[in-house]
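Shown next, in structure tokens, is the structure this report addresses.
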Amino acid sequence: MRDYEEVTAFLGEWGRFQRLVFFLLSASIIPNGFNGLSIVFLAGTPEHRCAVPPGANLSEEWRNASIPLELRGGVTEPSRCRRYRLAVLANLSALGLRPGSDVQLAELEQEPCLDGWEYSRDVYRSTIVTEWNLVCDNDWKGPMSTSLFFVGVLLGSFISGQLSDKFGRKNVLFSTLAMQTIFSFIQIFSTSWEMFSVFFLLVGMGQISNYVAAFVLGTEILGKSIRLLFCTLGVCIFYAFGYMLLPLFAYFIRDWRMLLLALTLPGLLCIPLWWIIPESPRWLISQGRFQEAEDIIRKAAKINKVTAPDVIFDPSELQDLSSQRQQTYTILDLMRTRNILTITIMSVILWMIISVGYFGLSLDTPNLHGDVYLNCFLSAVIEVPAYIISWLLLRNLPRRYSMAAALFLGGCVLLFIQLVPSLLLKLLHFNFRSRALSILLVMLGKFGITSAFSMVYVYTAELYPTVVRNMGVGASSMASRLGSILSPYFAYLGAYDRFLPYILMGSLTVLSGILTLFLPESYGMPLPDTIEQMLLVKG
């Protein structure tokens, strides 16, 4: 009895049909690159201070002195959330007293920003932060919007697999692409932060669902030799390419509504792909739709200019997996033995920490010294060599040491940032070399963590046996989503201590590197089919 690979071997591995599917499915991932991290610019927080209404009876001198100074990051700057009590200042101004000489400002009573805020327009013309005043007591709402997006990603990852198994890979791919595009478009007309965040959650659901559908569709259509290339370089590099486009769009479009419109419209370019990208023949066969699967393969043979046999899929020759009585496995089987339980726990911890590091660093780019658009672009560009290196490591070197090395590199570099001499850090705004050193260390950290993120998918899949592989990778992926939900708050901690996010992410990443060394080595080993065949944890 022949399997699918044997039946379709006449098509070849890398014909025009396969190249078309490879590049078009990879291209469908591009919008995910700029939509997933668009919040970096949509919720950018410009410099701000309390507004002083024009009607306040203050002299120009008292108006300029109305904002108290505070120490922030080693530099004395005007307060962002407090001002001197205007009623008191008006009385002092009416008496003709001068600030600083006649009156000690430090002794004056302060009050919150009762009349709103004044925002700098040097970097952003408008963001959701400036539109709905998501600063000071409401500054938690920006990270909350990001977390809600990742909650949507978590929910989408739950349902996307079931939907594509029931309705088909192609149907789910294009319906969720439409969902992502439509809800992004509706977001443009948001009248409140709550409305924006609810639709952002729905965009997150659509984004992960079309990503998973494209990933599965590609792996089912492409042959063995191309699959690894598609899963690592194809999908990941096109995602990075979309990520690179984000700062370019944001640089030229500084208004958040127009930026969101510009990021939404490319989704319409995917509409013509409906008539080019085929359904998965494997899925059609699993549904008993042999004629439709055969039509797709005959069309592929025509595109590849090869001759198809008279009969491609003989129903009596192909295994109907749904009719076979197989042992049923549940999530509890990931805890059946001490060995598989240990691997599950270690995998969950690894995925969560790597996700916190990757998204934490990506979301932290506005807080780096220098130009926010350039920093975001560099953060995207560094992913390309990271994906290429991880692909080469997966092909040629042991998984355990490759992943541990990437994690140690990322973690140690992040920890080293706090050790840069404080004198250099004080000069960062004025000294190009110091600024470049700070950014270089962050990008090296991102390089290491991104490489590990790319490798952990393959490594985890190789550790679990066939009977529970999907559940094992799914549980680990869920932990990754939980890590991404937490990641905005790691970046948020930078408002209180500039180095705290790097200390936390660096420490956790180094610990995960140590943890990796205790996992079994899967490189060059046959994939386990049963729980009993699993490789043993070290130590």
Side-chain angles (χ1 to χ4, degrees), residues 22 25-26 29-30 32-33 36-37 211-212 214-215 218-219 222 224-244 346-347 349-362 378-414 440 442-464 473 476-477 479-480 483-484 505-506 508-510 512-517 519-525 527:
F22 183 101
L25 284 177
S26 297
I29 301 295
I30 291 176
N32 291 4
L37 293 164
Y211 182 94
V212 169
F215 191 88
T219 54
L222 299 170
K224 290 180 182 177
S225 62
I226 307 300
R227 250 174 246 149
L228 180 61
L229 192 67
F230 174 75
C231 296
T232 52
L233 293 188
V235 169
C236 294
I237 286 184
F238 276 78
Y239 175 89
F241 179 64
Y243 187 8
M244 285 181 226
M346 292 167 76
S347 296
I349 294 170
L350 265 178
W351 280 65
M352 185 179 290
I353 291 174
I354 292 172
S355 183
V356 165
Y358 175 81
F359 287 106
L361 290 177
S362 298
L378 292 174
S379 179
V381 168
I382 200 68
E383 293 195 8
V384 175
Y387 292 135
I388 293 172
I389 290 293
S390 62
W391 176 63
L392 292 172
L393 291 174
L394 286 171
R395 280 176 55 116
N396 302 299
L397 292 174
R399 314 294 196 225
R400 196 157 47 105
Y401 296 120
S402 298
M403 257 198 66
L407 290 167
F408 283 135
L409 170 66
C412 291
V413 165
L414 293 179
L440 175 65
V442 174
M443 294 307 158
L444 274 175
K446 176 82 183 290
F447 172 86
I449 291 173
T450 303
S451 298
F453 211 166
S454 182
M455 287 187 277
V456 75
Y457 279 87
V458 176
Y459 193 13
T460 306
E462 291 176 345
L463 290 176
Y464 283 104
V473 175
S476 302
S477 181
S480 168
S484 63
M505 287 187 284
L508 289 171
T509 304
V510 169
S512 65
I514 295 170
L515 190 67
T516 303
L517 294 174
L519 286 169
E521 183 51 68
S522 62
Y523 178 66
M525 304 292 289
L527 288 178

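Note that this is a predicted model, so its numbers are computed, not measured.
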Minimum heavy-atom separation for [X] to [Y], with atom names?
X	Y	answer
Tyr387	Ala240	CE1-CB, 4.1 Å
Leu517	Arg400	O-NH1, 2.8 Å
Gly448	Leu409	CA-CD2, 4.3 Å
Val356	Met505	O-SD, 3.8 Å
Val413	Gly445	CG1-N, 3.8 Å
Ala452	Ala406	N-CB, 4.1 Å

If you measure only the distance, is there a donor-acceptor pair under 3.5 Å linking the side chains of [X] and [Y]?
X	Y	value
Trp351	Thr460	yes
Ser379	Tyr243	yes
Ser390	Ser451	no

[atom1]/[X] to [atom2]/[Y] distance, rounded to the nearest 0.5 angstrom?
X	Y	atom1	atom2	result
Ser454	Ile389	OG	CD1	11.0 Å
Ser347	Leu515	OG	CG	8.5 Å
Leu229	Phe22	CG	CZ	4.5 Å
Arg399	Glu521	CZ	CD	7.5 Å
Ser402	Leu397	OG	CG	4.5 Å
Ile449	Leu407	CD1	CG	7.5 Å

Is there side-chain contact between [X] and [Y], with heavy atoms separated by less than 4.5 Å?
X	Y	answer
Leu378	Met244	no
Phe238	Leu25	no
Ile354	Ser480	no

Might you work through the side-chain contact (heavy atoms from CB on, under 4.5 Å) test for Thr509 and Phe408, ending with a clear yes or no?
-> CA-CA 7 Å; Thr509 304; Phe408 283 135; over 6 Å; no

Given the rule in the side-chain contact (heavy atoms from CB on, under 4.5 Å) test, do Phe241 and Val384 qualify, once you have shown the distances and angles that lead to the verdict?
-> CA-CA 8 Å; Phe241 179 64; Val384 175; over 6 Å; no

For Tyr239, does the OH atom sit with more than 12 other heavy atoms under 6.0 Å from it, leaving out its own atoms?
-> yes

Contact list for residues 230-243, test salt bridge (charged side-chain N to carboxylate O under 4.0 Å, His left out), sequence neighbours left out | none

Contacts satisfying salt bridge (charged side-chain N to carboxylate O under 4.0 Å, His left out) that involve residues 381-395 (not counting sequence neighbours) are Glu383-Lys446

Between Leu361 and Phe447, is a side-chain contact (heavy atoms from CB on, under 4.5 Å) present by the stated rule, with each step listed?
-> CA-CA 10 Å; Leu361 290 177; Phe447 172 86; over 6 Å; no

Does any N or O in the side chain of Thr516 come within less than 3.5 Å of the main-chain N or O of Ala404, such that one atom is a donor and the other an acceptor?
-> no

Mind running side-chain contact (heavy atoms from CB on, under 4.5 Å) on Phe453 and Val456 for me, showing each step along the way?
-> CA-CA 5 Å; Phe453 211 166; Val456 75; 4.2 Å; yes

